[in-house]
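Some notes on the structure that comes next.
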Amino acid sequence: MQKHEAARLLQWALPRLGFRYRGFRNVRGQVQKRIERRMAAIGIEHSEEYRRYLEGHPEEWTVVEAMCRISITRFYRDRDVWERLAQKLLPQLSARAPARAISAWSAGCAAGEEAYTLAIVARLSAEPPVAIDVLGTDIDAHQLARARAARYPPGSLRELPKPLRDRAMFEDRGELAIRAPCRAGVQFLEHDLRRDPPPDRFDLVLCRYLAFTYFDRAWQERIASTLAAAIAEGGVLILGKHEHLPTTATGFEPLGPHLPIYGRTPVA
Ligand SMILES: C[S@@+](CC[C@H](N)C(=O)[O-])C[C@H]1O[C@@H](n2cnc3c(N)ncnc32)[C@H](O)[C@@H]1O
């Protein structure tokens with residue numbers, strides 16, 4: 001399939017799935033390859049033919065939706081956010097609830113890199129260390145199985161500062177495994193952010209490089225409400241570096257000019 005054919009197919013298909021075409025600009029090649037493999041598997045050669053196939057086979061849309069899941073991630077992605085969490089936000093959240101561990105949700109956690117980064121930062125970077133329970137959720141059961149195994153190729157740890165990596169991980173047969181104390185309190189659950197209610201109420205939610213990159217405006221507005229319901233008053237929401245909440249979102253105030261961090265405002 002030529003690039004322009006893939007672009008035309010995606011411009012037609014993505015909005016039908018509640019996705020935003022522009023959000024996929026850096027990952028279009030990856031989605032194109034998956035679609036080409038799928039077309040080959042069902043004996044289709046041209047993108048137009050695949051479009052007609054989709055029109056006649058509604059069940060195929062589930063396959064397309066799965067092909068549009070992007071699982072790019074890494075430990076310590078967006079370093080300034082983790083530094084801010086360690087130096088300020090985690091100690092503040094913990095001071096609000098000194099008698100218990102703070103609760104956090106990594107929504108769209110892929111293979112757990114973000115959820116474990118949070119546990120590592122709370123335990124090893126925050127001053128004083130902060131007790132935390134982290135729930136990582138994702139729609140993709142395969143990613144969650146990898147998350148529970150807690151073993152990673154060295155490449156996914158490139159951005160994690162070496163002192164943290166040395167204390168949090170050990171080498172095992174060419175991979176890096178997370179030490180037990182940094183796995184404690186971290187759990188994973190299958191969850192569809194678009195269809196399921198929030199799994200609990202949290203002090204801190206990270207929803208990065210998912211809804212506010214790939215979902216269309218209407219879905220972003222719905223997810224903003226879901227997140228407002230999921231975060232306790234005074235809690236914190238963190239998005240990806242270039243993401244922001246839709247202007248219609250209520251219940252949040254920006255906590256800093258340069259980072260995508262929002263405070264959950266008191267409920268009126
Ligand atoms: C690009 S990764 C982001 C991982 C991590 N949050 C980060 O910022 O590095 C997006 C993840 O969202 C998951 N995902 C896609 N659609 C979802 C949905 N409707 N509900 C929950 N997770 C979803 C994908 O399976 C993928 O693992």
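One-based numbering, in listed order, for ligands and for the atoms of each. We use all heavy atoms of the structure for the numbers below, so side chains are in, but hydrogens, waters and symmetry mates are not. None of the values given here were measured: they were computed from a predicted structure.
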Backbone or side chain, does any N or O of [X] fall under 3.5 Å from an N or O of ligand 1?
X	value
Gln143	no
Ser71	no
Asp192	yes
Leu210	no
Asp140	no
Gly108	yes

Could you check [atom] against the protein and tell me its nearest heavy-atom contact, residue, atom and distance included?
atom	result
atom 21 (C) of ligand 1	His191 O, 3.3 Å
atom 2 (S) of ligand 1	Ile70 O, 3.2 Å
atom 20 (N) of ligand 1	Leu193 N, 2.8 Å

Do side-chain atoms of [X] reach the backbone of [Y] as a donor and acceptor pair under 3.5 angstrom?
X	Y	result
Arg151	Asp172	yes
Arg148	Gln187	no
Arg8	Glu5	no
Arg16	Trp12	yes
Arg179	Arg167	yes

> Between Arg208 and ligand 1, which part of the residue brings a heavy atom under 4.0 Å of the ligand: side chain, backbone, both or neither?
Replying inline: both
>> Are Tyr76 and Tyr116 an aromatic pair, judged by ring center distance below 6.0 Å?
In response: no
>> Out of the candidates Glu114, Glu159, Glu113, only one should pair with Arg74 under the salt bridge (charged side-chain N to carboxylate O under 4.0 Å, His left out) rule; please name it.
In response: Glu159
> Between the side chains of Tyr50 and Arg38, does any donor sit under 3.5 Å from an acceptor?
Replying inline: no
>> Please compare Thr73, Asp138, Ile139, Ile72 and report which has the shortest non-hydrogen distance to atom 17 (C) of ligand 1.
In response: Ile139
>> As an exercise, identify every atom of ligand 1 less than 4.0 angstrom from a heavy atom of Glu114.
In response: 5 (C), 6 (N), 7 (C), 8 (O)
>> Under 4.0 Å from a heavy atom of Ala110: which atoms of ligand 1 are those, numbered in the order shown and with their elements?
In response: 4 (C), 27 (O)
> Which of these, Leu206, Leu227, Ile231, sits in a side chain to side chain contact (heavy atoms under 4.5 Å, CB included) with Trp105?
Replying inline: Leu227
